[in-house]
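What you see is a predicted model, and the numbers here were worked out from it, not measured in a lab.
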Amino acid sequence: DVHAGSPAQRVGMKPGDLILSVNGMATTTAAEMNQRINSLASGSSMRIEIKRNQTVLQLVVILDRL
């Protein structure tokens, strides 16, 4: 899911996008992806690689400040 108003939505992620890596580190499960994201400080940026249909995209997401 991509929540309305979330950092993911603001950079153009859509439901069904598959996250392949976070900051160059491959992710194979949702738990692994969450662990990588949760290890980052709020307000920092991260590079994610996603697959949408047959296209691989690179996005930069700025994490919300808490």
Side-chain angles (χ1 to χ4, degrees):
D1 289 340
V2 178
H3 300 283
S6 68
Q9 183 193 39
R10 290 193 301 266
V11 299
M13 287 189 69
K14 298 181 180 183
D17 287 350
L18 176 64
I19 297 177
L20 303 174
S21 68
V22 174
N23 287 336
M25 297 170 41
T27 58
T28 56
T29 67
E32 190 175 50
M33 178 199 65
N34 287 330
Q35 180 182 19
R36 295 200 196 302
I37 293 169
N38 290 334
S39 71
L40 301 169
S42 67
S44 64
S45 65
M46 67 177 177
R47 293 177 332 277
I48 59 172
E49 183 177 67
I50 65 169
K51 185 173 183 180
R52 179 178 297 154
N53 301 319
Q54 299 303 316
T55 304
V56 175
L57 304 168
Q58 303 280 331
L59 303 173
V60 175
V61 179
I62 307 295
L63 300 176
D64 284 340
R65 293 193 184 272
L66 298 178

Does the side chain of [X] reach to within under 4.5 Å of the side chain of [Y], using non-hydrogen atoms?
{"X": "Ile48", "Y": "Thr27", "value": "no"}
{"X": "Met46", "Y": "Ile37", "value": "yes"}
{"X": "Met13", "Y": "Arg10", "value": "no"}

Straight-line distance of Asn53 CG to Asp17 CG, nearest 0.5 Å: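 That separation rounds to 8.5 Å.
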What distance do Lys51 atom NZ and Ser21 atom OG have between them, rounded to the nearest 0.5 Å?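 Going from NZ on Lys51 over to OG on Ser21, the span is 13.0 Å.
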Worked verdict on Leu20 versus Val56 for side chain to side chain contact (heavy atoms under 4.5 Å, CB included): CA-CA 9 Å; Leu20 303 174; Val56 175; 4.2 Å; yes
Taking atom CD of Gln35 as the centre, report whether more than 12 heavy atoms of other residues, nucleotides or ligands fall under 6.0 Å from it.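 No, because the 6.0 Å sphere around CD of Gln35 holds 12 heavy atoms or fewer from other groups.
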Surrounding CG of Asn38 (heavy atoms of other residues, nucleotides or ligands, distance under 6.0 Å), is the total greater than 12?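 Counting other residues, nucleotides and ligands, CG of Asn38 exceeds 12 neighbours.
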Do side-chain atoms of Arg47 reach the backbone of Leu59 as a donor and acceptor pair under 3.5 angstrom?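 Side chain of Arg47 to backbone of Leu59, a donor-acceptor pair under 3.5 Å: no, none is there.
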For Ser42 against Asp64, the heavy-atom pair lying closest together: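 Looking at all heavy atoms of both residues, the closest pair is CB-O, 3.1 Å.
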Quick one: closest heavy-atom pair of Ser45 and Ile62, and the distance?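 Taking every non-hydrogen atom into account, CB-CD1, 3.3 Å.
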Flag yes if Ile19 and Leu57 sit in one hydrophobic cluster, no otherwise; membership is Ile, Leu, Val, Met, Phe, Trp, Tyr, and two members link when side-chain heavy atoms are under 4.5 Å apart.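 Linked, Ile19 and Leu57 end up in one cluster.
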Side chain to side chain contact (heavy atoms under 4.5 Å, CB included) between Lys14 and Ile50: does it pass, once the steps are laid out? CA-CA 10 Å; Lys14 298 181 180 183; Ile50 65 169; over 6 Å; no
